[in-house]
Amino acid sequence: MQKKYSWYSLLKAGLGNQEWDQAIPLSKPKSKYDVIIIGGGGHGLATAYYLAKECGITNVAVLEKGYIGGGNTGRNTTIIRSNYLRDEASSLYEHSMRLWEGLSEDLNFNVMFSQRGVYNLGHTLQDMRDIERRVNANVLNGVDAVVVDHKEIKEQIPIINTSKNARYPIMGASFQARAGVARHDGVAWGFARAASNLGVDIIQNCEVIDIEVEEGKVKGVKTTLGDIMADRVGCVSAGHSSVVAKMAGLRLPVESHPLQAFVSEAMKPILHTVVMSNAVHGYVSQSDKGDLVIGAGIDGYNSYAQRGSAKIVEHCAAAILELFPIFSRVRMNRQWGGIVDVCPDACPVISPTKVEGLYFNCGWGTGGFKATPGSGNVFAHTIAQDKQHELAVPFHIDRFTSGALIDEHGAAGVAH
Amino acid sequence: MFLIDCPYCKESRDQNEFSPAGEAFIARPQNPEELSDDEWSDYVFYRTNHKGDHWEQWVHTNGCRKYFLVKRSTISHEILEVAAFGEVTSENPS
């Protein structure tokens with residue numbers, strides 16, 4: 001395996017027309033690790049990477065039941081921003097944003113992080129009051145944000161419909177210039193490659209079927225590839241968090257729902273930024289490949305089926321056409337769903353549990369992708385020190401008992 | 001998308017007419033004064049989130065507007081059983 005990518009390695013392999021080296025080695029599980037991470041999505045791989053890089057724990061296995069980049073990491077709409085209202089949430093997402101800003105260099109892998117800005121549209125006076133409040137909170141928290149009016153939006157995005165005759169006229173927006181998008185499955189590959197370079201075993205096609213708990217302490221896991229021992233286990237299994245928790249006899253305050261997205265055929269560049277609207281509920285950007293990437297909302301019922309209902313697609317398409325009538329003849333190429341675990345307060349759980357040595361990082365709901373590096377970073381420190389990272393403290397699972405919820409639902413300016 | 005047999009309208013109608021209303025058989029505690037914080041928390045926030053056949057509540061929003069119980073697979077979305085309240089309880093779920 002090639003240890004480091006550089007212009008020289010590219011030139012050498014390109015000129016020589018050699019077979020390209022495999023980016024991530026195919027590992028077989030050992031019988032014992034210091035730490036096991038259940039779930040090889042972006043958050044799990046980032047956790048393993050920062051465990052190895054910052055906490056000096058390299059005897060780590062990441063167990064993935066499918067393949068790297070095949071779960072929610074490869075299913076989201078790739079939006080990255082940190083303009084959350086609450087101090088606790090904005091600190092966590094801003095921590096993540098700062099890691100994004102150096103991530104490609106840090107991982108030696110181009111995650112195609114593109115800070116093209118995000119507009120969160122307001123369509124009513126109350127929307128605009130909320131936007132002003134959130135922008136002020138962002139500025140106080142050191143997060144870049146400005147309020148823009150509909151004229152400025154039209155100047156920046158000429159194809160958007162700012163007509164007063166629209167059913168839900170656009171009145172203004174918040175704009176975060178440092179926000180943007182990244183190549184989502186590339187993020188998983190980058191973290192997996194960088195982690196395995198530091199000695200982490202990335203084990204694909206290995207499903208955890210049970211968690212061994214003895215006298216309140218975690219001992220290891222049973223998998224489809226055999227039993228693996230570890231004193232510390234971190235669960236980062238998104239939509240399947242409740243299923244994994246049940247193996248250890250735990251319940252979680254999350255419910256799993258399908259979240260849908262779709263992409264159009266590839267087109268020439270037409271939309272240079274990210275546009276989100278909570279009121280009409282849709283969000284859209286254009287990938288570097290040229291397809292429009294469109295995100296919808298969740299279905300209200302519980303599901304593990306990775307597909308949603310047509311009603312949601314229709315609702316979302318209507319919202320996008322409301323904003324961009326020019327897209328009415330664009331043909332959609334693919335549509336899919338992912339399973340998201342939603343917390344009652346729409347904030348994640350990054351926490352130890354009642355089982356000693358068992359940690360959960362879950363409940364990211366519809367907005368986890370943007371947090372990938374930050375989530376992995378604080379979770380790695382939480383596992384390594386058996387003590388929550390300071391940014392993770394408000395996200396303890398006990399908040400559902402104490403009542404100290406983080407009321408971010410709807411306040412964040414979206415539709416994540 | 002799926003069809004739901006409303007037990008009151010006695011008709012198979014499009015899912016769009018209905019709204020999901022959460023897990024079934026979650027009864028409000030009878031002895032609120034005696035409950036610990038953990039027990040309250042479990043009642044208010046914690047859910048089974050079952051993968052497989054799951055009893056849940058639906059309401060016929062754009063129809064008779066009545067709540068009822070549905071046993072549905074959260075893996076395939078197949079509806080296995082529909083019942084009015086009282087016909088099935090947490091003590092005798094099928």
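Heavy-atom basis, side chains included; hydrogens, waters and symmetry copies ignored.
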Main chain of A:S303, side chain of B:R72: is a donor-acceptor contact present, judged purely on distance under 3.5 Å?
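Pair absent, no side-chain N/O of B:R72 close to backbone of A:S303.
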Could you tell me whether a side-chain N or O of B:S41 sits under 3.5 Å from a main-chain N or O of A:F400, the two making a donor and an acceptor?
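Yes, the answer is positive, given that a donor and an acceptor are paired below the 3.5 Å cut-off.
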Kindly check if the number of other-residue, nucleotide or ligand heavy atoms within 6.0 Å of OH (B:Y8) is above 12?
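Atom OH in B:Y8 is packed in, count exceeds 12.
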Minimal non-hydrogen separation, B:P20 against A:G300, with atom names
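That would be CG-C, 3.4 Å.
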To the nearest 0.5 Å, what is the distance between [atom1] ([X]) and [atom2] ([Y])?
X	Y	atom1	atom2	result
B:F45	A:C343	CZ	SG	10.0 Å
A:T401	B:D38	OG1	CG	5.0 Å
B:H77	A:Y304	NE2	OH	11.5 Å
B:D14	A:K311	CG	NZ	9.0 Å
A:N302	B:K51	CG	NZ	13.0 Å
B:Y46	A:E255	OH	CD	13.0 Å

Shorter than 4.5 Å, heavy atoms on both sides: which option in B:N16, B:T48, B:D37 has the most such pairs with chain A?
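Sorted descending by pairs with chain A, the first entry is B:N16.
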Please classify the contact between A:I397 and chain B as side chain, backbone, both or neither, with a heavy-atom cut-off of under 4.5 Å.
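Both backbone and side chain.
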Taking the six-membered ring for Trp, are B:F18 and A:Y301 closer than 6.0 Å centroid to centroid?
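So the answer is no for these two rings.
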Side-chain donor-acceptor pair under 3.5 Å between B:N49 and A:S256, yes or no?
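There is such a pair between these side chains.
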Quick check on [X] against chain A: is it the side chain, the backbone, both or neither that has a heavy atom closer than 4.5 Å?
X	value
B:E39	neither
B:S73	neither
B:H50	both

Top contributor to chain B contacts, counting heavy-atom pairs under 4.5 Å, from A:P253, A:S309, A:A310
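Heavy-atom pairs under 4.5 Å are most numerous for A:P253.
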Assess whether side-chain contact (heavy atoms from CB on, under 4.5 Å) is satisfied between B:D42 and A:R251, documenting all intermediate values.
CA-CA 9 Å; B:D42 196 79; A:R251 268 155 73 84; 3.0 Å; yes
